[in-house]
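Everything on this sheet refers to the single structure shown next.
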Amino acid sequence: MNEQDSEMRRAASPEVVSKILQEFPEAGYFCFTEDRAHDIRMTHALPARWAERSAESRTKFHGDCFPGEFYSWQIGVFTPYIPLSDVSVTFSDWKNEKGDKIPASAFRCFNMGGIDAYGKAFSKTINVPKGEIQALWIGSDVPASASGIYKGTVTVNASNTKPVTIDCKLTVQGNAIARHGDNEGWRKARLRWLDSTIGNSDEPTAPYTPVKLQNQTISWLGGSMKLSDDGLPESLFTCYDQSNQLDRQKENAVLANGIRFVIETDRGTEILKSGKLHITEKNNASIGWTTTQRNGDFEIECSGKFGFDGFVDYRIQVKSLRKVQVKDIRLEVPYTAYAAKYMMGLGHKGGLRPDTMICWKWNVDKHQDKIWMGNINAGLNFCFKDENYVRPLVNVYYSLGKLNLPASWGNESKGGIRIMPHNDDTVLMTAYSGERSMSKGDVLHYDFNMLVTPVKPLNLSELARKRFYHSNSDVSAGYIPAAQNAGANMINVHHKKDIYPFINYPYYDEAVPDLRRFIADAHSKNLDVRLYYTTRELTVKLPELWALRSLGSEVIHDGPGKDSRTLIHKNGPHEWLNENLTTHFIPAWYNAFTEGKYAGDMDLSVITTPDSRWNNYYLEGLDWMIGNLGLDGIYIDDSALDHQTLQRARRILDADGKRRLIDIHSWNHNNEWAGYANSLHLYLELLPYVDRTWIGESFSADNPLDFWMVEMSGIPFGLMSETLDAQNVFRGMIYGMLPRLPWSGNPVPFWHLWDDFGMKDAVMRGYWDERCPVKTDNASIPATVYINGDKALLVLANWTDMPQAANITLDENLLGFKPSSYVLPEIADTQSEEKISSLTRCEIPGRSGMFILMEKLK
C-alpha cells in the first residue's frame, strides 16, 4: 500500500478538529487508543479515524490475540492546549473471569525506556509540546496458558496535569502462537526484541579461554598483563610466533616499562599515594578492578576491566580537591621498539611507523580518536574518550554524526598525542591534554580502551576450506549452480536481491518464504548461506518504522531531514522521505527495483543511532534467522556495531555448536566525507569475533608492502583476508589473499592449486617471519612460503611497475627438506606450467610474480 493511502494519513478537517477542541477534557489533553494495525504517523494533525469516535470510546481499548503472544498496541496523546511534562504510563493487573491474570509487570511502554545495548535498565523523559501528538507503544507478554477476556486499566500520567485512565479488554483465544508471534512482522511482536539481553554471558566465546588472575597478573589466550598498584599495566606480553600461532614459550614485550598517568602542575609532577588494588569482578569472561590515589590536590580513581579477548576498558576519574592550575594531565605509554614497528591512525595510513616524531592534535572534523602501534605478533591499540562519548557515524555520514570532543583529553583542542622514539628500545606515546584551571570539586574523565593484538591465532586452514561465492547480481537463481560449479561452499547474499530486497531487514514477511526456500536448497547441496546483516542503515519497509519513529532519535538517528545533503544525496533525500518523515532523519541507501518480484518498488533507508536498543533487536533477529531460516553466518558492511554487541552475536552464532562465520567489509574512509579515518582501524574492537576481513574498496594494488600488511591483510590482528579492488593475485598471495568470487575476481584456479597442494594442512612463512626459508636480496620482491610436509608453495611478487631481478637464498633446514624440483604450476589466466632448474635467481616483470612448487627429493 502507498504510504499516502494509509488511513492514518488522512487528517480530520479543520472544522471537525475545532469542534473537538471545544470539549476541553478534564485532564487538559486527549488520549486516543489505537490498535497495532494503524500505526500513528502524524505528529501535527489529528487522523480523521480518531475524530469519528465518541469521547467515551477514545479511552477504551479492545484487542484480540493468541495465547503466548507478545501483544502490542498504542495510545496517542494529543495536547492542543498545554505542553505536557514527564509523561508516563502505569498498568494494573489484567484479569479474566476466572481470576487468571496478566500481571502489571508483564506490560511495558517502549517510549519510557527499557534495557539498553549493554544490558542495563534505563528510563526516558517524555515531554509533548503543545499542539503535537505523541504515540505511546505498549506491549505485554500474554501467558501461553491464557484464555478468555482479560480486563484492566492503563493510566497515562503527566507531571503538570491530571491522569487519564484507559479501560482495556484483551480477548485471548486459539492455540498458543509460536515464538510470541515473532514469525509475522505485522503483529509487531518483535518490538519486545528492543529490550533483549540475548547473548550476554560471563563465559568466553571460541576460540578464547577463561581469563585468569594470579596476584596482579592477568593471563588470557594471547598473553599476560601485570597491573601496578595504581591499576595501570606494569608489563604486557603476547605469546604468538611470527606466523601468529600461539607459542607459550614466546613472550613478546609490548611495553618497555609501565604505563603512567601523570598530573603536572607548576610545582612539577604530582606525587600521589596509591591505595590498594581492589578486584571488583572476577569470572571466566572478565576481570575488573579499581584503585584510588590522592594527595592534597587531587583524587584519582582508576577502574579497569580486562576481557577474555584482550579488550581492556579503562575509566580514570580525576577530581580536584582545591583550585589548582594544571600544566598537563597525560598518559605515557612506553612501547617497545619491537612492538612499534608499524602504526595506523591519527591521520597516518597503516604501515611502517615514521622514524620522526609524530604530533597530532584533537580535531573532531576528522574521525580520529584511535592509535594502533604494533608488530606482526605484538601490538596495542588505544581509543580515547570521556563520559560523553557517542559512537560517530561512519562512511559518508561522518559530518552528520561527528566525535564529541572529550572534555578531558581534548581540552578545547589543546590536547593531542605525541609519538617519539625515546631510544633504541622504546617508543614513547604520550596522550596529553594541556593547560587548564580546575576548581575545587571539578571532575574530569580520562577514559580509554586498549586492545591487545593479535586478537587470536591466524587460521589458514579455515581460509583454505571456507570459500565464498558473493555475487552482485540482483537475481538469485544462478547463485547455487554458479557456486557449485566453481567449488565454493558458502554463498553471501547481499540485500537488494529478489530473495532479500530491503537493507538490514531480512525477515520482511513477503520475502521470508523465498529466502527460506533458497537456504534450504543451498543446504541440500552442502552450501552454507550467509546474509548481509549489519546496523547503520535501516529500510523504511520494516513494519515497526512508526513505532521506532515514536522513540525520537533513540533508533532513527537525528539529522537535518529534508535539508540533508550527502555524497549520495547531493540534491537532498528522496521525496518519500521528505513527505513522510519530513525532518529529524538522515537519508541513507536507496535502490529502485527494475525487474523481478519487486519491480517498480523502491528501498529507501535511514541512518540508525549507534549503540541503541536497535542492537538488541538486531541480535534477536539474528537468533530468529538461525532458528527459522537456517542461517549460516553474516556479512558485515560498514557498521555501527560495537564490541559487546558483536561478542553477543558470536555467542548466538555458536550456541548450537556449529561454527558460523562473520566476515567484515569496509569502504575507504581516508577522505573528507568519512573524516580521514583508517578503514580497518574503525572496526578493530570487532575483530575478536570476525573470521575474515575484506578491506580495500578503492584501495589500489599499488599500495606499498607495509600498507598491504597493516590495512589490508589482517595478519597483525590475527585474521586472514581477501582482496577487493587491489586485484593482483601475486601480491595478494604474499599475504594469503585471493579475490572473492565473482565480485573481485576469479580464485577458482587457485582453489584447485590449493587443493592439489593441501593448503588446508599447510603453515605460512611470510617474508616478515624469521623462519621463512626463502629470502631475496631485492626488497621489491618479497617471498612467502607455504609448507605442507614434504612440499612447499613459494610465492614471489614484484611490487614495482618495472621488471625486477633478485638473488634467492633457500634455507633447507627451515624448509624441512631438500627440493628435488622447482615447478611453475599451470594456473589459468595467470601462469603457464614450466620447470626451472634452480632457485638462485629470478627475473619478474612489473606487477607480476611467480608461484613455484617445491617437493622433497625422494
Side-chain angles (χ1 to χ4, degrees), residues 1-6 9 39 41 185-186 393-397 400 470-479 482 491-515 517-518 531-546 548-549 555-557 559-608 635-640 665 667 673 697-698 742-744:
M1 182 183 69
N2 189 298
E3 176 65 24
Q4 297 308 313
D5 294 335
S6 167
R9 283 282 177 200
D39 304 57
R41 293 155 159 83
W186 66 266
L393 297 182
V394 297
N395 207 285
V396 300
Y397 307 102
L400 297 168
H470 191 144
S471 173
N472 196 27
S473 170
D474 291 350
V475 180
S476 62
Y479 292 179
I491 298 176
N492 273 11
V493 179
H494 231 68
H495 61 92
K496 194 178 76 73
K497 308 302 175 200
D498 54 3
I499 53 174
Y500 180 6
F502 305 123
I503 190 168
N504 290 330
Y505 205 82
Y507 15 80
Y508 185 70
D509 283 356
E510 188 177 343
V512 162
D514 298 328
L515 190 52
R517 279 192 295 270
F518 178 88
L531 299 182
Y532 179 110
Y533 190 56
T534 184
T535 55
R536 180 177 64 119
E537 297 170 306
L538 182 61
T539 181
V540 299
K541 293 286 190 177
L542 79 163
E544 300 93 345
L545 174 65
W546 302 107
L548 298 181
R549 187 68 166 161
V555 173
I556 298 175
H557 200 289
K562 65 177 66 176
D563 296 323
S564 299
R565 299 295 183 269
T566 70
L567 187 63
I568 61 173
H569 292 277
K570 294 180 180 178
N571 298 317
H574 187 274
E575 202 54 40
W576 190 97
L577 296 173
N578 291 338
E579 290 177 0
N580 296 297
L581 297 185
T582 66
T583 189
H584 297 296
F585 71 90
I586 299 172
W589 158 269
Y590 66 95
N591 174 70
F593 294 90
T594 59
E595 60 180 337
K597 182 175 181 177
Y598 299 94
D601 206 343
M602 171 166 275
D603 188 15
L604 298 167
S605 69
V606 292
I607 294 295
T608 58
Y635 163 71
I636 298 175
D637 200 344
D638 280 327
S639 172
H665 162 68
W667 179 63
W673 304 289
E697 188 172 353
S698 301
W743 196 293
S744 61

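Everything quoted here is computed from the prediction, not taken from an experiment.
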TODO: Mind listing the closest non-hydrogen atom pair of L577 and P587 along with its distance?
DONE: CD1-CB, 3.9 Å
Open item on the list: Could you check whether any side-chain heavy atom of Y397 comes within less than 4.5 Å of a side-chain heavy atom of S564, counting everything from C-beta outward?
Closed with: no
TODO: Flag the pair W546 / L581 as yes when at least one side-chain heavy-atom distance between them is below 4.5 Å, and no otherwise.
DONE: yes
Task: I607 side chain near L400 side chain, heavy-atom distance below 4.5 Å - done: no
Open item on the list: Show the nearest heavy-atom pair for residues S476 and D498, with the distance to one decimal.
Closed with: OG-OD1, 2.8 Å
- [ ] Examine distances only and state if a side-chain atom of N504 and a backbone atom of E537 form a donor-acceptor pair shorter than 3.5 Å.
- [x] yes
Task: Residues in salt bridge (charged side-chain N to carboxylate O under 4.0 Å, His left out) contact with D601, at least two apart in sequence or another chain - done: K541
Under 3.5 Å, which donor-acceptor pairs link side chains of residues 590-597 to any protein atom two or more places apart or in another chain?
unit_1 : atom_1 : unit_2 : atom_2 : d
K597   : NZ     : E510   : O      : 3.3
K597   : NZ     : D514   : OD2    : 2.6

Task: Validation row: W576, M602 side chains within 4.5 angstrom (heavy atoms) - done: no
TODO: Kindly say whether R536 contributes a backbone atom to a donor-acceptor pair with the side chain of T608 at under 3.5 angstrom?
DONE: yes
Open item on the list: Do R549 and R41 have side chains that approach each other closer than 4.5 Å (heavy atoms only, starting at C-beta)?
Closed with: no
Open item on the list: What verdict does the side-chain hydrogen bond (donor to acceptor under 3.5 Å, both in side chains) test give for D637 and T534, after you've listed the backbone C-alpha separation in whole Å, the side-chain angles of each residue and the deciding distance to 0.1 Å?
Closed with: CA-CA 7 Å; D637 200 344; T534 184; over 6 Å; no
Task: Donor-acceptor under 3.5 Å (Y598 side chain, K496 main chain) - done: no
Task: Note, I556 side chain near L545 side chain (heavy atom, < 4.5 Å) - done: yes
Task: Distance-minimising heavy-atom pair for P543 and D39 - done: O-OD2, 3.7 Å
Task: Candidate list W743, W589, Y533, test ring pair (Phe, Tyr, Trp, His ring centres under 6.0 Å), partner H494, passing option - done: W743
Task: Side-chain touch Y508/T539, heavy atoms, less than 4.5 angstrom - done: no
TODO: Find the distance between CG (L604) and CG (L538) and round it off to the nearest 0.5 Å.
DONE: 12.0 Å
Open item on the list: Looking at Y532, is its backbone amide N or carbonyl O close enough to the side chain of Y500 to form a donor-acceptor pair, meaning the two atoms are under 3.5 Å apart?
Closed with: yes
- [ ] Using the side-chain contact (heavy atoms from CB on, under 4.5 Å) rule, take S473 and Y479 through it: C-alpha gap first, then chi angles, then the decisive distance, then the call.
- [x] CA-CA 9 Å; S473 170; Y479 292 179; 4.3 Å; yes
Open item on the list: How long is the straight-line distance from CZ of F518 back to CD1 of I499, given to the nearest 0.5 Å?
Closed with: 4.5 Å
Task: Side chain to side chain, V540 and N580, heavy atoms closer than 4.5 Å - done: no
Open item on the list: Quick check against the 3.5 Å criterion: does K497 have a side-chain atom that pairs as donor or acceptor with the backbone of N472?
Closed with: yes
TODO: Over all heavy atoms of both residues, which pair between I586 and P560 is shortest? Give the atoms and the distance, please.
DONE: CG1-CD, 4.3 Å
Open item on the list: Would you compute the distance between atom CZ of R565 and atom CG of N571 and round it to the nearest 0.5 angstrom?
Closed with: 7.0 Å
Task: Closest non-hydrogen atom pair, P506 against L531 - done: CB-CD1, 3.8 Å
Task: Identified side-chain contact (heavy atoms from CB on, under 4.5 Å) counterpart of E579 within the set E3, K562, Q4, R9 - done: Q4
Task: Separation between OG1 of T583 and CG of N578, rounded to the nearest 0.5 Å - done: 10.0 Å
Open item on the list: I'd like to know if the side chain of D638 reaches the main chain of W667, judged simply by a donor and an acceptor atom lying under 3.5 Å from each other, with no hydrogens or angles considered.
Closed with: yes
